[in-house]
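Quick caveat, the model's predicted, so the values are computed rather than measured.
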Amino acid sequence: MQSYYKRDLNKEEKLGIYLDTVYKKLNLEVTRITDTNKQHRGIDLIYTKNNKDIYIDEKGQLDYVNKELPTFTFELSYLKHNTLKKGWLFDVNKHTHYYFLVTSIKAKNPEKHDYYNCKITSVNRSKLLQFLNSINLTEQQLDIYQDAIRAGEYTKNKIEIKELDIKKEGCLFFSPQLNERSINLQLRLQFLIDSKIAKQIYPLSALQV
């Protein structure tokens, strides 16, 4: 029986192969990174512009193939072997400049990972962190919320917070049913685009062509 780890790795590899064809369509010359140390530092792709390397972390909604979600979750914390770990959003060991959020992933047969369509939203990590800081949703404030969540002060998975409009912008999302009991910052993609933090790079809209 194939392990969950190998299964997920296979899905990610197949998605990477498909995404490389998308980048060619976009004339986006990127180098795919296979070095695990660099990948652990949040570098899946390197794009060179004006002799400067730009590090890109691909994030795919592979658990929601053939579904279209208006949101994306940014990892704040999780448990590993009952030890609390910092998520990738505020991890200072990550060298990521941009996230490529891969959503609305389509496959003819999801079990075969034969992907043929998706949406890609490019998020400027620095702008995202600056924005969160500007609305007082700092790492310290988010830690306060997380302590309260893990202490059982909230009973819902979706947790409304005063800094964000839950219907138009986002919320916190707790997954107590998972072994890692992760807490994420869930943000609406259109909100990120409207806030000039992100832009959809695939497929291109009529305004972008």
Among residues at least two apart in sequence or on other chains, which ones pass side chain to side chain donor-acceptor pair (under 3.5 Å) with Asn124?
Tyr98
pair Thr31-Leu45: side-chain heavy atoms closer than 4.5 Å
no
Take Asp53 and Thr48 through the side chain to side chain donor-acceptor pair (under 3.5 Å) test and state the conclusion after the steps.
CA-CA 4 Å; Asp53 287 342; Thr48 303; 2.9 Å; yes
Starting from the C-alpha separation in whole Å, work towards a yes-or-no answer on ring pair (Phe, Tyr, Trp, His ring centres under 6.0 Å) for Trp88 and Tyr78.
CA-CA 10 Å; Trp88 45 260; Tyr78 63 97; over 10 Å; no
What are the two closest heavy atoms between Glu58 and Leu19, and how far apart are they?
OE2-CD1, 3.4 Å
Kindly say whether Leu178 contributes a backbone atom to a donor-acceptor pair with the side chain of Ser175 at under 3.5 angstrom?
no
Please tabulate, for the side chains in residues 164-172, all donor-acceptor contacts under 3.5 angstrom to protein atoms that are two or more places apart in sequence or on a different chain.
residue : atom : partner : partner atom : Å
Asp165  : OD1  : Lys167  : N            : 2.9
Asp165  : OD1  : Lys168  : N            : 3.3
Glu169  : OE1  : Asp165  : N            : 3.0

Under a single-linkage definition using a 4.5 Å side-chain heavy-atom cutoff for Ile, Leu, Val, Met, Phe, Trp and Tyr, are Ile201 and Val30 assigned to the same hydrophobic cluster?
yes
Ignoring hydrogens and geometry beyond distance, is a side-chain donor-acceptor pair present between Tyr154 and Glu160 at under 3.5 Å?
no
Joining Ile, Leu, Val, Met, Phe, Trp and Tyr whenever any side-chain heavy atoms lie under 4.5 Å apart, the cluster holding Leu79 also takes in Leu84
Does any N or O in the side chain of Ser195 come within less than 3.5 Å of the main-chain N or O of Leu192, such that one atom is a donor and the other an acceptor?
no
How far does NZ of Lys199 sit from CG of Leu189, to the nearest 0.5 angstrom?
15.5 Å
Are more than 12 heavy atoms from other residues, nucleotides or ligands located less than 6.0 Å from atom CD of Glu111?
no
Flag the pair Leu76 / Gln146 as yes when at least one side-chain heavy-atom distance between them is below 4.5 Å, and no otherwise.
yes
Separation of Cys118 SG from Phe100 CZ (nearest 0.5 Å):
11.0 Å
Under the side chain to side chain contact (heavy atoms under 4.5 Å, CB included) rule, what do Leu132 and Phe74 come out as? Steps first, then yes or no, please.
CA-CA 12 Å; Leu132 294 176; Phe74 296 77; over 6 Å; no
Rounding to 0.5 Å, atoms CG (Asp35) and CG (Asn37) come to a distance of 5.0 Å
Minimum heavy-atom distance Gln61-Ser104, with the two atoms named
OE1-N, 4.3 Å
Pairing of Glu29 and Lys49 as salt bridge, 4.0 angstrom limit
no
Taking ILVMFWY side chains as joined if any heavy atoms are under 4.5 angstrom apart, and letting links pass through other members, which residues group with Tyr55?
Ile33, Ile43, Ile46
Rounded distance [0.5 Å steps], CD1 in Ile17 versus CD in Glu13:
7.0 Å
Do Tyr116 and Ile105 come within less than 4.5 Å of each other through their side chains, counting heavy atoms only?
no
Is there a continuous path of hydrophobic side-chain contacts, each under 4.5 Å between heavy atoms, that joins Leu101 to Tyr64?
no
Looking at every heavy atom in both Ala107 and Val65, which two are closest together, and how far apart are they?
CB-CG1, 3.7 Å
For Glu163 and Gln141 the tightest heavy-atom approach is OE2-CG, 3.8 Å
Going from NZ on Lys156 to CD1 on Ile149, what distance comes out if it is rounded to the nearest 0.5 angstrom?
13.5 Å
Please find the pair of heavy atoms, one from Ile54 and one from His97, that lie closest to each other, and give the distance.
CA-ND1, 3.5 Å
Does atom CG of Asn82 have more than 12 heavy-atom neighbours, drawn from other residues, nucleotides or ligands, at distances under 6.0 Å?
no
Which pair of heavy atoms, one from Glu68 and one from Lys106, lies closest together, and at what distance?
OE1-NZ, 4.4 Å
Would the number of heavy atoms belonging to other residues, nucleotides or ligands and lying under 6.0 Å from CG of Asn157 be above 12?
yes
Any non-hydrogen side-chain atom of Pro110 less than 4.5 Å from a side-chain atom of Asn66?
yes
Between Asp44 and Arg32, is the closest basic N to carboxylate O distance under 4.0 Å?
no
Going by side chain to side chain contact (heavy atoms under 4.5 Å, CB included), name the residues that satisfy it together with Asn184, two or more places apart in sequence or in a different chain.
Thr73, Glu75, Ser182
Side chain to side chain contact (heavy atoms under 4.5 Å, CB included) between Lys86 and Glu139, worked out:
CA-CA 11 Å; Lys86 187 186 293 289; Glu139 183 177 4; 2.4 Å; yes
Test Phe191 against Phe131 for ring pair (Phe, Tyr, Trp, His ring centres under 6.0 Å), laying out the working first.
CA-CA 12 Å; Phe191 168 62; Phe131 170 77; 5.6 Å; yes
Would Lys80 and Glu180 count as a side chain to side chain contact (heavy atoms under 4.5 Å, CB included) if you check the C-alpha gap in whole Å, the side-chain angles of each, and the deciding distance to 0.1 Å?
CA-CA 6 Å; Lys80 185 175 183 180; Glu180 57 266 30; over 6 Å; no
Does this structure show an ion pair linking Arg41 with Asp57, if we count only N-O contacts that are shorter than 4.0 Å?
no
Counting distance only, does the side-chain N/O of Arg150 pair as donor-acceptor with the main-chain N or O of Arg181 below 3.5 Å?
yes
Quick check on the hydrophobic clustering: are Tyr23 and Val123 connected, directly or via other members, by side-chain heavy-atom contacts under 4.5 Å?
no
Run the side chain to side chain donor-acceptor pair (under 3.5 Å) test against Asp114 and tell me which residues pass, sequence neighbours left out.
none
Contact check, side chains of Lys59 and Thr103, non-hydrogen atoms, under 4.5 Å:
no
Test side chain to side chain donor-acceptor pair (under 3.5 Å) applied to Ser134 and Gln130, step by step:
CA-CA 6 Å; Ser134 73; Gln130 287 174 20; over 6 Å; no
Approximate separation, where rounding is to 0.5 Å, of Ser122 OG and Ile197 CD1:
12.0 Å
Does the side chain of Phe173 come within less than 4.5 Å of Ile159's, by heavy atoms?
no
Taking side chain as C-beta onward, heavy atoms only, is Leu142 less than 4.5 Å from Ile183?
no
Step-by-step side chain to side chain contact (heavy atoms under 4.5 Å, CB included) determination, Leu26 to Tyr202
CA-CA 8 Å; Leu26 295 171; Tyr202 186 81; 4.0 Å; yes
Beyond-backbone contact of Leu129 with Leu89, side-chain heavy atoms, under 4.5 angstrom:
yes
Starting from the C-alpha separation in whole Å, work towards a yes-or-no answer on side chain to side chain donor-acceptor pair (under 3.5 Å) for Tyr145 and Glu153.
CA-CA 9 Å; Tyr145 282 129; Glu153 293 181 24; over 6 Å; no
The test is side chain to side chain donor-acceptor pair (under 3.5 Å); show your working for Asp194 and Gln190 and say whether it passes.
CA-CA 6 Å; Asp194 292 342; Gln190 193 58 51; 2.9 Å; yes
Membership question, hydrophobic clusters at under 4.5 Å side-chain separation (ILVMFWY): are Val102 and Leu128 in the same one?
no
Hey, quick one: are Tyr99 and Ile193 part of the same hydrophobic cluster, counting side-chain heavy atoms closer than 4.5 Å, chains of contacts allowed?
no
